[in-house]
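Everything below concerns the one structure shown next.
What you see below is based on every heavy atom in this structure, not just the backbone, and it leaves out hydrogens, waters and symmetry mates. Throughout, residue positions are numbered sequentially from 1 according to the sequence presented.
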Amino acid sequence: MSVTEPIRLHQELERIWRTPRGLGLLSAVNHTVIGRRFIVAAFVFFAIGGVLSMLIRAQLASPHSAFVGPELYNQIFTMHGTVMMFLFAIPMFEGLAMYFLPKMMGARDLAFPRMSAYGFWCYVFGGSILIVAMMVGVAPDSGWFMYTPLSSGRYSPGINADVWLLGITFVEISAMAAAVELTVSILKVRAPGMSLARMPIFAWYILITAGMMLVGFPPLILGSILLEMERAFDLPFFDPTRGGDALLWQHLFWLFGHPEVYIIFLPAAGMISTILPVLVGHRLLGYSWIVVSVTAMGFLSFGLWVHHMFTVGIPHLAQAFFSAASVLVAVPTGVQIFLWIGTMMAGRPRLSLPMLYLIGFFVVFVCGGLTGVMLAIVPFDWQAHDTHFVVAHMHYVLVGGFVFPMLAAAYFYLPHFSGRMPLYGVGHVAFWLIFVGFNLTFLIMHLTGLLGMPRRYYTYESGYGWDWLNLVSSIGGFITTMGFALVAFDFIFQFRYGRIAPRNPWKSGGLEWATATPPPSYGFASLPMVEGRDPLFSDPETGRKLASGQGYLAMPRNDWQETLVVEMATGRAQAIQILPQPTFLPLWTAVSTGVFVLSLLFKVYPLSIAAIVSTLGLLLLWTRATGATVDRGELDAGHGLRLPIHPETSRPLSWWGMTFVLLADATMFASLLFGALFLWLVAPSWPPPLMTDLPATILVAAAAALLVAVGGAAFALRSLKKGSGLPGMIVAVAGSAGATALLGWLVWQVPAPTSHAHLALTAAILTYLGFHAAVGLVFALFGLWRIRAGIVSARRSADLSIGALWHGYTAATGIIGLAFVAIMPWLAAVERVAP
C-alpha cells in the first residue's frame, strides 16, 4: 500500500462522517460529539447543584439564620438533590459511555446515533425547564423525592410540583433512550472476535447498569404520571380518603430510588476497574469474579427499596427481610474492593493525580459503605432516620462512589479528549482541597445527625450542641467548592496550554487508545479483529495498522457510515450496519416533545394533542433514511469476509432495540398492577362501595381483537417467504383498530373515576391498554405502507418483525390487564361475603 492510500482513506472517511459546521452542529448524531455534549452539560448542571449546596450550607451555618426564608430554602433543597441525582450523575456516565464504548469495543459508533441525539436534547430541554422554574421562583419545593401528600394538589397547589413531575419525566426519556442504546450497542456492535468474555470490563459495568435502568426507571415514570394525573384531573391514586395511599408513591419511588444508587456507582466502579490496572502496571485480578459480583449487585439492588421505609409502619417480617438484603448487597461490593486492592498489591502504584483520586475513593466510599450497613439495621435506622446522619451517609456513598472515581477518570482520559497532558500542580492542590473540605463537611454531619438534628429543616434552635458543628461543616463545604473550582480551571488550562500528549500516554491495553487523540469523527479508519482482552498489549502497533487500513471496512463506499454487527456471545461478524447521517430530526422531535410537556404543565391540553401528533409524525420521518427497494445481498467487509447489510438480517439492531423497549414497558405495566394490588391489600376503604361493572362481552371482544392483530402481523411476516404480506397486514390493521375503539369505549364506561382509587386504577389500566393498541395500529398502517412501497421483502422484513413484537406484547398485556379488570369486582364480592 502506498503512503497516499491511507491518507486518501482518512480524507474520504472524514468527508463521510464529519458533522457540518455552523448551525449544522445542531444536526450532530456522532457518538463522540454527543458524548462530549452530555459530559459538558452534566458539568454545567453539577456547577449549578454545587452553588445550591453552598446556599444550603450558608443558611445552616448558624442558628436562626435569615439568609433565605423557608419557601426559598425548600426550593433550593429540592433542586440541589434533583440536579445532582437526575441532571448530573446519570447524564455524566451516559456521556462517558457514549464517548468511550464504541472506541473500547472497536466500533465506529453506537447502534442508534439519532436516539442518542434525541436523548441529549430531551435531557437539556428537561433540565432547562427545572432551572428556569427555579429562576422565576416556581421550582419544586417538596423534596427531590416528592413525597405525597405534601406534593399533592391539596398541599402544593401551585405548579411547583408539576414542574418536577413533568420535567423529570422529560429527562427520563433521555435516560431510557440511553439505556436501550447502550444495551444494544454493547451486545451487538463490537469488533469481530470480541466475545462476551473478551469485552472490556467497563462494557460489562455499563451493560448491567443499562439493564438496571430499563427495569428501575419505569416505576418512577409511572409514579410521576399517576401523581400528575391526580394533580391535574383529581384521580385519587394517593388520596387515603378515597381509597388511595401515600405510601404507594414511596414504593414506586424507591423501586427506582435504591437501584439508582447502584446505577450511579457501577459506571464509576467500571472506570476504576479500567484505569486502576493501568496506573499500577498489573492486569486486573478476578475479571470473571468482578463480572459475577456486578451482576449480583444488579439483581440484589431491586430487593432493597423498603430499606428507605423502615419507619413508615411496615410489618416486622418485611423489615427483617429487607434489612438482611441490605446487608447482603455489601458482599459483591466487597468482592470488587478486595480485588482492586489485590490488583494494587500485585502491581506498583504510582501516586499520579488519577491515583490520588482513587485513594480518596477508597477512603470515602468504604466509610460510606460502613454507615450504610449501620442504616440497614432496623433499630439503628429508627434512631438515625431523617437526621443529618443519613445526609452524610448518602454523600459519602455518592460523592465517594461517583465523583472521586469520575475525577480520576477525567484526569486519566483528558489526553484522549484534548490531545494534551494535564498540568498536575494545580490538580494536586485541587485534590487536597476537595478531600479535606469534603470530609470536614460530612464527617461532622454524622455527629450532628447522631445529636438529633433533623434533615430538611431550614433553621434550628441554639443550645443543642449543633452550632459549632454546623459552622465547621459549612466552612468545609466552601473549601470543597474552592477545590472543584480549581478543577474546572485546571481542565480549561489543560485544553489551552497543556503539552501535546503522546499516543497512549498511560501505556494502556484498551482499544480506545488505538485512535488518534483527540479522535476523528469516524474513530477507526478500519476495524480490528480482537483476540484478547487487552489488544494493545498483544500488539502495540494495532493503532498504526488500523490507521493504515489493515482492518475491516477499510473501503468507503456509497457515502455510507459503516460499522460491524456481531453475534452476541461469540463476537462473530454477522452484518454491516449502515448508520444515519447528521440530521435535524432528533432536535425537532425533542422540541415537539418539549412542547407537549410544557402544554401539560400549563394545562393547554389541545396543544398537547397537537404536540403528540407532531412528535409521532416526526418519528415516522426518521424512517425515510431506512429501508431499500432492492435486495443488495452480501457485501465485502475486508479480508475475504462478505456480510449482508443489517436490514437484510432476520433480527436487525432495531428488533433488539424494540425488545428492550418492551422490557421497560413490561416493568411499567407490572408496576401499575402492583399499585392496584397494593392499594387493595393496604389502603383504607377497600373494597370500594362502587365497583366497575364492565360488559364481559366487550372485554372478551377487546381481547379477541388484540389476538386478531397479533395473528395478522405474524401471518404477514410468514407470507413474505411466499409472496406479499399485504393480506396479513390488513388483518392486523383491522384488529388494532377494533381493539383501540373497544378499549376507548371501556375507558369511557368507567363510572366516576375521581370517586375512588379502584375506579381510577381501572381507567388507568384500560388507558394503558388502549394507548398500546393505538400504537399497534400505527405500526400496522406503517407496515402496510412499507409493503405497498416495495420496501419490505423476504430479506427486508425488519419493519414487520418489529411490528409483530409490539402486537405480541400488546396482546399479552391486554389479556392480563383485561382479566385483572374483570376479576376485581368478583374478588370484592367474595370479600364482602367472607366472614
Side-chain angles (χ1 to χ4, degrees), residues 1 5-7 9-14 17 30-33 35-36 96-110 185-186 189-195 198-204 206 270-271 273-275 277-279 281 283-284 409 412-421 500-556 561-564 566 571 573 579 637-639 641:
M1 180 181 292
E5 289 181 2
I7 296 175
L9 170 64
H10 287 269
Q11 290 174 340
E12 185 67 7
L13 287 171
E14 181 61 28
W17 285 80
N30 185 274
H31 79 100
T32 297
V33 177
R36 285 174 174 166
L96 287 170
M98 288 178 184
Y99 180 90
F100 280 115
L101 276 176
K103 301 172 180 65
M104 290 180 171
M105 298 189 301
R108 284 179 175 154
D109 211 322
L110 297 167
S185 298
I186 293 169
V189 185
R190 308 194 298 265
M194 184 178 284
S195 64
R198 292 174 179 172
M199 281 202 317
I201 193 67
F202 183 68
W204 274 109
I206 297 299
M271 276 296 175
S273 293
T274 299
I275 69 178
V278 180
L279 295 175
R283 292 178 185 268
L284 180 67
F412 183 87
Y413 279 115
L414 269 174
H416 200 287
F417 285 92
S418 65
R420 297 177 180 271
M421 295 299 291
I500 301 298
R503 175 170 287 197
N504 196 6
W506 302 101
K507 308 303 178 188
S508 169
L511 274 176
E512 68 270 25
W513 293 104
T515 69
T517 52
S521 55
Y522 50 86
F524 298 95
S526 58
L527 304 185
M529 167 60 75
V530 174
E531 298 177 348
R533 291 177 187 160
D534 300 296
L536 297 193
F537 286 160
S538 303
D539 183 4
E541 294 297 310
T542 297
R544 182 188 60 79
K545 292 177 180 178
L546 296 179
S548 63
Q550 297 180 39
Y552 294 99
L553 297 182
M555 65 295 285
Q561 296 184 0
E562 297 178 334
T563 193
L564 290 179
V566 301
L579 299 167
H639 297 281
L641 182 65

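Residues that satisfy the side-chain contact (heavy atoms from CB on, under 4.5 Å) test with Met421, not counting sequence neighbours, are Pro415, Arg499, Ala501, Pro502, Pro505. Residues satisfying the salt bridge (Lys or Arg N to Asp or Glu O under 4.0 Å) test with Arg503, not counting sequence neighbours, are none. Trp506 is linked by a side chain to side chain donor-acceptor pair (under 3.5 Å) to nothing, counting only residues two or more places apart in sequence or in another chain. With sequence neighbours excluded, the residues satisfying side chain to side chain donor-acceptor pair (under 3.5 Å) with Ser418 are Gln494. Taking the side chain to side chain donor-acceptor pair (under 3.5 Å) definition, one finds that Thr274 meets it with nothing, sequence neighbours left out. Under the side-chain contact (heavy atoms from CB on, under 4.5 Å) criterion, Ser195 pairs with Ala197, Arg198, sequence neighbours left out. Partners of Val566 under the side-chain contact (heavy atoms from CB on, under 4.5 Å) rule, at least two apart in sequence or in another chain, are Arg190.
Pairs of residues two or more places apart, or lying in two chains, that qualify as ring pair (Phe, Tyr, Trp, His ring centres under 6.0 Å) and include a residue from residues 526-555 are Tyr552-His639. Pairs passing the salt bridge (Lys or Arg N to Asp or Glu O under 4.0 Å) check and including a residue from residues 523-543, sequence neighbours excluded, read Arg283-Asp534, Asp539-Lys545, Glu541-Arg544.
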Under 3.5 Å, side-chain donor or acceptor atoms of residues 514-525 against the rest of the protein: list the pairs with distances, not counting sequence neighbours.
unit_1	atom_1	unit_2	atom_2	d
Thr515	OG1	His416	NE2	3.4
Thr515	OG1	Glu512	O	3.3
Ser521	OG	Glu14	OE1	3.3
Tyr522	OH	His10	ND1	2.6

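With contacts defined as side-chain heavy-atom distances shorter than 4.5 Å, the pair Leu527/Leu553 qualifies.
Between Phe100 and Tyr413, the ring centre distance stays below 6.0 Å.
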